[in-house]
There are 2 protein chains.
Amino acid sequence: MSDADFEAVRKSTGTALLPPDQAISHSLSRAIHEHKLSPGIKLGEDELAEVYGVSRTVVRTALRTLAHDRLVEIKRNRGAFVAQPSPRDAQEVFEARELLEPRTAREAARRASSADIEKLLHHVAHEHEASTEGDRGLALYLSGQLHVEIAKIAGQQTITGFIETLIARSSLVVALYWRRESAICGHHDHESLVRAIEGHRPEEAEALMKSHLVDLHSALDLSRPRAGSGTLKDLLTGV
Amino acid sequence: MSDADFEAVRKSTGTALLPPDQAISHSLSRAIHEHKLSPGIKLGEDELAEVYGVSRTVVRTALRTLAHDRLVEIKRNRGAFVAQPSPRDAQEVFEARELLEPRTAREAARRASSADIEKLLHHVAHEHEASTEGDRGLALYLSGQLHVEIAKIAGQQTITGFIETLIARSSLVVALYWRRESAICGHHDHESLVRAIEGHRPEEAEALMKSHLVDLHSALDLSRPRAGSGTLKDLLTGV
DNA sequence: CAGCACAAAATTGTACACAATCTGACCCGG
DNA sequence: CCGGGTCAGATTGTGTACAATTTTGTGCTG
C-alpha cells in the first residue's frame with residue numbers, strides 16, 4: 001500500500017534508511033575523519049540545519065551524539081565546536097589504544113573467517129588506491145576504519161565500540177599533533193598486519209599492532225599544546 | 001533583576017546548577033543503579049516530562065544520552081526502554097571490566113594520594129553502613145561507584161569513562177542475571193582492595209581486583225536469557 | 001584616546017504544536 | 001470460531017516560535 005510513499009520518503013531523505021540525525025552525525029564524523037573540519041571550528045546550528053535541509057532540532061541531537069563521543073565540544077549557550085584534545089587527552093587516547101587494540105588484533109587473527117579476510121584485503125587495497133591517487137582525506141578515513149574492521153572481527157562489540165570512539169578522537173589528535181606531513185600511516189604496517197591475520201598468526205598480529213600504534217604515537221609532537229582552549233591562539237598560530 | 005526567578009527555577013529543578021537534561025539523565029541513571037527501574041520498563045516522554053517538570057524536549061535529550069551509554073534502548077517510533085543486555089552483552093561487559101579494571105587498580109595503588117585514600121575509606125564505610133541499614137539500592141549504587149573512584153585515582157580519564165559505562169551496564173546485568181539474592185557484592189573484597197591501595201601495593205591491588213571481578217562474573221547465571229527482546233516475556237515471567 | 005556602560009544583534013535553550021507512526025480494538029467475512 | 005482489515009487512540013519525530021544568554025557594536029565619560 002504505502003510502499004510507494006515509503007520509497008519516496010526514503011529518496012527525499014537522501015541517505016535513506018537511517019534516521020536523519022544519525023545520517024548527519026555520520027556525515028560530520030566522516031568530515032572530521034577526513035580532516036575537512038579542523039579542530040576548533042564552530043558548528044553553528046542554523047548553518048548545519050540549512051546545509052542538511054532539516055530543522056535545528058535534528059541538528060542538535062546529532063551534535064549531542066558527537067559531543068558524547070568527544071568529537072565535538074558543546075559549551076553551554078555558546079555552541080558546538082570540533083573538539084581540540086589536549087596533549088594529555090592525546091596521550092591517553094593512544095595509551096588506551098595500545099591497551100585494547102593489540103589484544104583485539106590477536107583475537108581477530110584467531111577468529112577471522114575467509115569472508116573477513118576478504119574484506120580486510122579489499123579494504124587495504126582501497127586504502128592504497130586512495131593514497132596513491134592523492135585523496136588524503138579518504139586515505140585517512142580508511143586508515144582508521146581498518147582498525148575498526150579488525151576490532152569487529154574480534155567479535156567483542158563492547159570493546160569495538162570503545163575503539164571506534166578512540167579512532168575518531170585519534171583523527172583529531174593527528175590533526176593537531178602530527179609531526180611529519182608525508183607518510184600518513186604506514187601502509188606497510190597495515191599490509192603486514194592484515195597478512196598476519198590472514199595467516200592466522202595471533203602472536204604476530206598482536207606484536208605488529210602494538211608496534212604500529214607505538215610508531216604512530218611516537219610520530220606525535222605533544223610538547224606544543226596547539227589546543228589551548230580559546231579560539232584566539234588558533235588564529236594567531238595560523239592553524 | 002531576574003535573580004529571584006532564577007532561584008525559583010533552580011529550586012524547582014531540584015538538583016540545581018547543572019543543565020536540566022544532565023540532572024535528569026543522572027537521576028535516571030542513579031535510579032537504574034539502585035534497581036528502582038528494572039530492565040525493560042518503558043520510559044514514556046510525557047510521563048518523565050511531568051515528573052521532572054520540564055518539556056519533552058529536555059527529556060528527549062536526557063534519554064538520548066542514556067541510550068548512548070546503553071542504559072536505555074530507543075526503538076524508533078516506539079519509545080525508550082531500560083535496556084536489557086543479552087547474555088552475550090553481559091559476558092562482554094565483564095570481560096571488558098576484567099581487562100581494564102585490574103590495570104586501573106594497580107595504577108591507583110601506585111598513585112593514590114592521602115586525600116584519595118581518605119575518600120576511598122570514607123566510601124567503603126558509607127557503603128558498609130548502607131548495607132547494614134538494609135538500603136539495598138544505595139548499597140548497590142555505592143558498590144559500583146567505588147570502582148569508578150578507583151579508576152579516577154588512576155588518572156586516565158578516557159579509560160575511566162569507559163569503566164563508568166561498563167559499571168552502569170553491570171547494574172543492568174546484575175538485575176537480570178544475578179544468581180543469589182544475598183551477598184550483594186563482597187564487602188570484604190572491597191575492603192581488602194582499598195587496603196591494598198592504601199598500602200601502595202600495586203601487584204596485590206591488581207590481583208584483588210581481578211579476583212573480585214571473576215567472582216562477580218561467576219555469580220551470574222547467563223544460561224537463561226531472561227532478556228528476550230519484547231515486552232511479552234517480561235509480563236509473562238512476572239518480573 | 002582609553003575605559004566603561006548600555007543596547008542591539010545573533011545564537012543557543014526550551015516549550016509548544018503539528019505530522020508521522022505504531023498499538024490495540026473492533027468489525028466483518030470466511 | 002478464527003483471521004484479516006480498518007479505524008481510533010496514544011506516542012514519538014520534527015518543525016517552529018519564543019525566552020534566555022552571550023556577543024558585538026556604539027556612545028558616553030573621564
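First the proteins, then the strands, lettered A, B, ... as listed; each starts at 1. Just so you know, these numbers come straight off a predicted model, no measurement behind them.
The phosphate of D:dT21 (OP1 or OP2) has no side-chain N or O of A:Arg78 nearer than 4.0 angstrom.
Ring to ring, A:His190 and A:His123 are not that close: their centroids are 6.0 angstrom or more apart.
Heavy-atom distances to DNA chain D give each of A:Asn77 and A:Arg56 a nearest nucleotide, and the one nearer the 5′ end belongs to A:Arg56. Of the two residues contacting DNA chain D, namely A:Val54 and B:Lys42, the nearest-nucleotide position lying further toward the 5' end is that of B:Lys42.
Between A:Leu18 atom CG and D:dG13 atom C1' the separation is 15 Å, expressed in whole Å. In this structure, B:Leu43 places its CG atom 14 Å from C1' of D:dT11, rounding to the nearest Å. Taking atom CD of B:Gln22 as the reference point, atom P of C:dT14 lies 11 Å away to the nearest angstrom. Atom CD of A:Glu45 is separated from atom P of D:dT21 by 17 Å (rounded to the nearest Å). Atom CG of A:Asp21 is separated from atom P of D:dT14 by 6 Å (rounded to the nearest Å). The distance from atom CG of B:Asp46 to atom P of D:dT11 is 7 Å, rounded to the nearest whole Å. For the pair A:Lys75 NZ and D:dA20 C1', the interatomic distance rounds to 20 Å; values are reported in whole Å. Straight-line distance from the CD atom of A:Glu50 to the C1' atom of D:dG15: 15 Å, rounded to whole Å.
For the residue pair A:Gln156 and B:Glu95, a side-chain donor N or O sits within less than 3.5 Å of a side-chain acceptor on the partner. Side-chain atoms of B:Tyr141 and B:Ser171 form no donor-acceptor pair, as typed in the model, at a separation below 3.5 Å.
Proximity of B:Pro39 to B:Phe81: side-chain heavy atoms (C-beta onward) are nowhere separated by under 4.5 Å. Looking at heavy atoms from C-beta onward, B:Arg97 lies in side-chain contact with B:Ile167 at the 4.5 angstrom threshold.
In this structure, A:Ala49 and A:Arg56 approach most closely via the heavy-atom pair CB-N, 4.0 Å.
The main-chain N or O of B:Arg78 is found under 3.5 Å from a side-chain atom of B:Lys42 such that the two form a donor-acceptor pair.
A heavy atom closer than 4.0 Å to some atom of DNA chain D occurs in A:Thr57, A:Val58, these being the qualifying members of residues 57-66 of chain A.
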